[in-house]
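What you see is a predicted model, and the numbers here were worked out from it, not measured in a lab.
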Amino acid sequence: LIAIGIPEDLQLEVVKLLVGMLFKEGGAREVQGSVNDYLVENDSELFFKQCRHTIQALIAWHKWNDVIEVEEGEDPEPHESILIIRMLQLLCEGHFLPNQDIVRAQPNNHASINLLDDFVMYFNALSRIRCRTSTAAAKAVGDVIVEIIQGPCVGNQEHFTLNTELLEIQNRIMRSKVVADCVEEEEIEVKKICLDTI
């Protein structure tokens with residue numbers, strides 16, 4: 001049900017359900033394995049196209065809204081579709097290598113969609129829009145990047161370092177100062193994630 005052509009409100013409910021099923025420290029192995037079996041045994045191209053479409057739509061949303069000022073005492077509210085980032089992170093929780101690899105390449109599909117590039121594009125866009133909403137989203141994207149390289153997942157590590165600008169983006173984040181409505185503790189959390197990645 002997470003695929004191009006399915007109504008987006010239904011997809012969001014499915015993502016919420018899957019996040020709930022996957023939410024377990026160290027990984028919900030049975031659920032992770034079932035998802036991987038389905039993605040490997042069936043043509044999952046529409047699933048990965050939808051993940052890419054959602055990430056691209058999130059990037060567009062942030063660019064359209066630019067700096068979002070959050071009132072003091074309130075929490076930032078990134079677009080609800082960002083939950084798909086959490087879902088992808090939880091699919092790889094506990095160094096679940098089959099799902100880490102399939103996020104990068106789907107050898108059984110007609111076309112392979114490398115979501116690592118989309119994560120980097122999203123992280124890059126967020127690093128240039130300095131506000132608490134972008135920081136909250138950057139934390140989510142940073143968390144998924146950390147989760148899909150741990151273990152180690154050598155293929156993902158190599159792709160990030162050799163084929164993307166992730167290290168340059170992280171360098172920019174590490175040097176950034178607190179501006180606008182940003183909160184130093186939240187900015188430090190994203191910087192910690194950058195260090196974890198390195």
Colleague: Are there over 12 heavy-atom neighbours, none belonging to Glu165, within less than 6.0 Å of that residue's CD?
Modeller: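 For Glu165, atom CD is not crowded (no more than 12 foreign heavy atoms under 6.0 Å).
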Colleague: Honestly curious: do Leu126 and Trp61 fall in one hydrophobic cluster under the side-chain, below-4.5 Å linking rule?
Modeller: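 No, because Leu126 and Trp61 fall into different hydrophobic clusters, even though each may have its own neighbours under 4.5 Å.
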Colleague: Should the ring pair His62 and Tyr122 be called parallel, tilted or perpendicular, given that the plane angle runs from 0 to 90° and is split at 30 and 60?
Modeller: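 Aromatic pair His62/Tyr122 classed tilted.
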Colleague: On a heavy-atom basis, which atom in Ile173 and which in Cys194 lie closest, and how many Å separate them?
Modeller: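 Answer, listing the atom of Ile173 first, then Cys194: CG2-SG, 3.9 Å.
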Colleague: Indicate yes or no: at least one non-hydrogen side-chain atom of Val154 is less than 4.5 angstrom from one of Glu158.
Modeller: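 When only atoms from C-beta onward are counted, Glu158 and Val154 do touch, with a gap below 4.5 Å.
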Colleague: If we only count heavy atoms from C-beta on, is the Thr161 to Leu166 side-chain gap below 4.5 Å?
Modeller: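 They are not in side-chain contact.
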Colleague: Is there a side-chain contact between Asn114 and Phe48 (heavy atoms, below 4.5 Å)?
Modeller: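 No, their side chains stay 4.5 Å or more apart.
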Colleague: Can you list the steps and then say if Val183 with Val178 is a side chain to side chain contact (heavy atoms under 4.5 Å, CB included)?
Modeller: CA-CA 7 Å; Val183 175; Val178 176; over 6 Å; no
Colleague: Looking at Arg130 and Val179, what are the two nearest heavy atoms and their distance?
Modeller: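 Scanning both residues, the minimum pair turns out to be CB-CG2, 3.4 Å.
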Colleague: Under 3.5 Å, side chain of Arg86 to main-chain N/O of Lys16, donor-acceptor pair present?
Modeller: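 Absent.
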Colleague: How far apart are the closest heavy atoms of Ser112 and Gln106, and which atoms are they?
Modeller: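 For Ser112 versus Gln106, the nearest heavy atoms are OG-N, 2.9 Å.
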Colleague: CD1 of Ile129 to OG of Ser134: how many Å apart, nearest 0.5 Å?
Modeller: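 Going from CD1 on Ile129 over to OG on Ser134, the span is 5.0 Å.
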Colleague: Going only through I, L, V, M, F, W and Y residues with side-chain contacts under 4.5 Å, is there a path from Val35 to Phe23?
Modeller: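 Hydrophobic grouping puts Val35 with Phe23.
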Colleague: For Leu90, is there any backbone N or O sitting under 3.5 Å from a side-chain donor or acceptor partner on Gln32?
Modeller: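 Pair found, side chain donor or acceptor close to backbone of Leu90.
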Colleague: Can you name the residues that form a salt bridge (charged side-chain N to carboxylate O under 4.0 Å, His left out) with Lys49, not counting sequence neighbours?
Modeller: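 Here the qualifying residues are Glu45.
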Colleague: Is Val19 reachable from Leu115 through a run of hydrophobic residues whose side-chain heavy atoms are each under 4.5 Å from the next?
Modeller: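 Shared cluster, yes.
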Colleague: Does any part of the side chain of Glu93, heavy atoms only, come nearer than 4.5 Å to the side chain of Lys24, both counted from C-beta?
Modeller: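 Sidechains of Glu93 and Lys24: no contact.
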Colleague: Using atom types as modelled and distance alone, determine if a side-chain donor or acceptor of Asn109 lies under 3.5 Å from a backbone N or O of Asp43.
Modeller: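 Such a contact is absent between Asn109 side chain and Asp43 backbone.
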Colleague: How about Leu116 and Phe119: do any of their side-chain heavy atoms sit closer than 4.5 Å?
Modeller: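 SC-SC contact between Leu116 and Phe119 confirmed.
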Colleague: Using side-chain heavy atoms (C-beta onward) and a distance below 4.5 Å, is Phe160 in contact with Leu167?
Modeller: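 Phe160 vs Leu167: side chains apart.
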Colleague: Hey, are Asp117 and Thr164 close enough side-chain-wise for a donor-acceptor pair under 3.5 Å?
Modeller: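 On atom types as modelled, these side chains do not qualify, holding no pair under 3.5 Å.
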Colleague: Any carboxylate oxygen within less than 4.0 angstrom of a Lys/Arg side-chain nitrogen, looking at Glu77 and Arg132?
Modeller: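 No.
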Colleague: Do NZ/NE/NH1/NH2 and the carboxylate oxygens of Arg104 and Asp101 come within less than 4.0 Å?
Modeller: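 Salt bridge flag = yes for Asp101 with Arg104.
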Colleague: Could you tell me whether the side chain of Asn99 and the main chain of Cys92 form a donor-acceptor pair under 3.5 Å?
Modeller: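 Checking the backbone N and O of Cys92 against the side chain of Asn99, no donor-acceptor pair under 3.5 Å is found.
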Colleague: Tell me, do Phe96 and Leu91 make a side-chain contact under 4.5 Å, heavy atoms counted?
Modeller: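 Side chain of Phe96 against side chain of Leu91, heavy atoms only: no contact under 4.5 Å found.
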Colleague: Nearest heavy-atom pair of Ile85 and Ala140: which atoms, and what distance?
Modeller: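 Closest heavy-atom pair between Ile85 and Ala140: CG2-O, 3.5 Å.
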Colleague: Counting neighbours of CD on Glu69 that are heavy atoms of other residues, nucleotides or ligands and sit closer than 6.0 Å, is the number greater than 12?
Modeller: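 Atom CD in Glu69 is crowded, with more than 12 foreign heavy atoms closer than 6.0 Å.
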Colleague: Measuring from Ile82:CD1 to Ile55:CD1, what's the distance to the nearest 0.5 Å?
Modeller: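 So the CD1 of Ile82 and the CD1 of Ile55 are separated by 9.5 Å.
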Colleague: Out of curiosity, Asn108 CG to Glu41 CD, how far, rounded to the nearest 0.5 Å?
Modeller: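 Answer for the CG-CD pair, Asn108 versus Glu41, is 9.5 Å.
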Colleague: Check Pro78 against Ala137 and note the closest heavy-atom contact, atom names and distance.
Modeller: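 That would be CG-N, 4.2 Å.
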Colleague: Which distance, rounded to the nearest 0.5 Å, do you find between the CG of Leu88 and the CG of Leu83?
Modeller: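 That separation rounds to 10.0 Å.
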Colleague: With no hydrogens and no angle check, is any side-chain donor or acceptor of Glu147 less than 3.5 Å from a backbone partner on Gln100?
Modeller: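 Side chain of Glu147 to backbone of Gln100: no pair is present.
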Colleague: Identify whether Ile84 and Ile6 are in the same connected component of the hydrophobic contact network (ILVMFWY, side-chain heavy atoms under 4.5 Å).
Modeller: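 Both belong to a single hydrophobic cluster.
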Colleague: What do the steps show when you test Thr54 against Gln50 for side-chain hydrogen bond (donor to acceptor under 3.5 Å, both in side chains), and what is the final call?
Modeller: CA-CA 6 Å; Thr54 302; Gln50 181 61 50; 3.1 Å; yes
Colleague: I'd like to check Glu187 versus Lys177 (side-chain heavy atoms, cut-off strictly below 4.5 Å). Are they in contact?
Modeller: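 They are not in side-chain contact.
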Colleague: Is there a chain of hydrophobic side chains (I, L, V, M, F, W, Y, each step under 4.5 Å between heavy atoms) that links Phe47 to Leu10?
Modeller: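 Phe47 clusters together with Leu10.
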Colleague: Could you tell me whether Glu186 and Lys139 have a side-chain N and a carboxylate O separated by less than 4.0 Å?
Modeller: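 Judged by the 4.0 Å cut-off on N to carboxylate O distance, Glu186 and Lys139 do not form a salt bridge.
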Colleague: Taking all atoms of both residues into account, what is the closest heavy-atom pair of Ala125 and Lys63, and its distance?
Modeller: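 The answer is CB-CE, 4.2 Å.
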Colleague: Please round to the nearest 0.5 Å and tell me the distance separating atom CG of Leu1 and atom CG of Leu12.
Modeller: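 Interatomic distance, Leu1 CG to Leu12 CG, rounded to 0.5 Å: 12.5 Å.
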Colleague: From Lys192 NZ over to Thr197 OG1, what is the distance, rounded to the nearest 0.5 angstrom?
Modeller: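 It is 14.0 Å, given to the nearest 0.5 Å.
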Colleague: Could you check whether Asp118 pairs with Arg52 (Lys NZ or Arg NE/NH1/NH2 to Asp/Glu carboxylate O, under 4.0 Å)?
Modeller: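 Yes, charged N to carboxylate O under 4.0 Å.
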